[in-house]
Student: 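Sharing a structure below in C-alpha cells format, with a few things to ask.
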Amino acid sequence: MDRFRRASAAALLTAVALAGAVGGAVASSGVPAPPSGASAQDLATRPALSAHATARSVGAWEEFRVHGSARNITPGTPVTLQQKQGKRWVSLPATMKTARSGEYSLRVKLGIKGENALRITGGGAVSPVVRTTVN
C-alpha cells in the first residue's frame, strides 16, 4: 500500500502541461454506453477524442507530447491527461483547452518507471489508451 501511495503522490507531479491554458484537473469516469438501438447518426454526433504519444519509450522526466483532436466538442473545451494507477484512472495536473480546430497538444514528463497507460478526457469523451514506457 505504501508503494501505491508513493506512486500516487509522484504521479501528481509527473505530468506538466506547458502548452495552452492550464487549469485544475477535470475528472471523468468515461463515456456512457450508447443506448440500445442507437443509430449510426447518433454515434456519429457523439463527442470523441483521439490521442497519440510522440514517443513509445522515454527516459525518466524526458519530455514528449500527447496530442490529438476533438470531434463534436466545442472549441475551448478543457481536456485533461489521465494515468492508470492500479485499477483507477487518476487525473494528472495537465489540462489545456482545445484549439478552434479541435486539436490539442500537451507536453508531458513522466517519472514513474515502466509502462504508463494514458488517456485524455474532456467534453464528455474519453480517448483511446496510449502507452509510453519510462526507462
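Everything quoted here is computed from the prediction, not taken from an experiment.
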Student: Do T133 and R56 come close enough that some side-chain heavy atom pair is under 4.5 Å?
Tutor: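 T133 vs R56: side chains apart.
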Student: Would you give the length of the straight line joining atom OG1 of T74 to atom CZ of R100, rounded to the nearest 0.5 angstrom?
Tutor: 14.0 Å
Student: Do T132 and V66 come within less than 4.5 Å of each other through their side chains, counting heavy atoms only?
Tutor: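 A side-chain contact is absent here, since even the closest heavy-atom pair is not under 4.5 Å.
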Student: Quick one: closest heavy-atom pair of L110 and F64, and the distance?
Tutor: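 Closest heavy-atom pair between L110 and F64: CD1-CZ, 3.8 Å.
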Student: At their closest point, which heavy atom of P75 faces which heavy atom of A99, and how far apart are they?
Tutor: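 Heavy-atom minimum between the residues: CB-O, 3.6 Å.
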Student: Between T98 and G76, is there a donor-acceptor pair closer than 3.5 Å when you use the side chain of the first and the backbone of the second?
Tutor: yes
Student: Mind checking whether W89 and V129 have side chains closer than 4.5 Å, heavy atoms only?
Tutor: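 W89 vs V129: side chains touch.
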Student: Any salt bridge (charged side-chain N to carboxylate O under 4.0 Å, His left out) pairs touching residues 123-135, not counting sequence neighbours?
Tutor: E115-R131
Student: Please name the residue in the list Q83, Q82, R88 that meets the side chain to side chain donor-acceptor pair (under 3.5 Å) test with Q85.
Tutor: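 In the set Q83, Q82, R88, the residue that makes a side chain to side chain donor-acceptor pair (under 3.5 Å) with Q85 is Q83.
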Student: Is I120 close to L81 at the side-chain level, that is, under 4.5 Å between some pair of heavy atoms?
Tutor: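 They are in contact (side-chain heavy atoms under 4.5 Å apart), so the answer is yes.
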Student: Side chains of residues 48-55: which donor-acceptor pairs under 3.5 Å do they make with residues two or more places apart or in other chains?
Tutor:
residue	atom	partner	partner atom	Å
S50	OG	S69	N	2.9
S50	OG	S69	O	3.4
S50	OG	S69	OG	3.4
T54	OG1	R65	N	2.9
T54	OG1	R65	O	3.4

Student: Looking at L106, T121, L92, which one forms a side-chain contact (heavy atoms from CB on, under 4.5 Å) with T80?
Tutor: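 With T80 as partner, L106, T121, L92 yield a single side-chain contact (heavy atoms from CB on, under 4.5 Å), made by T121.
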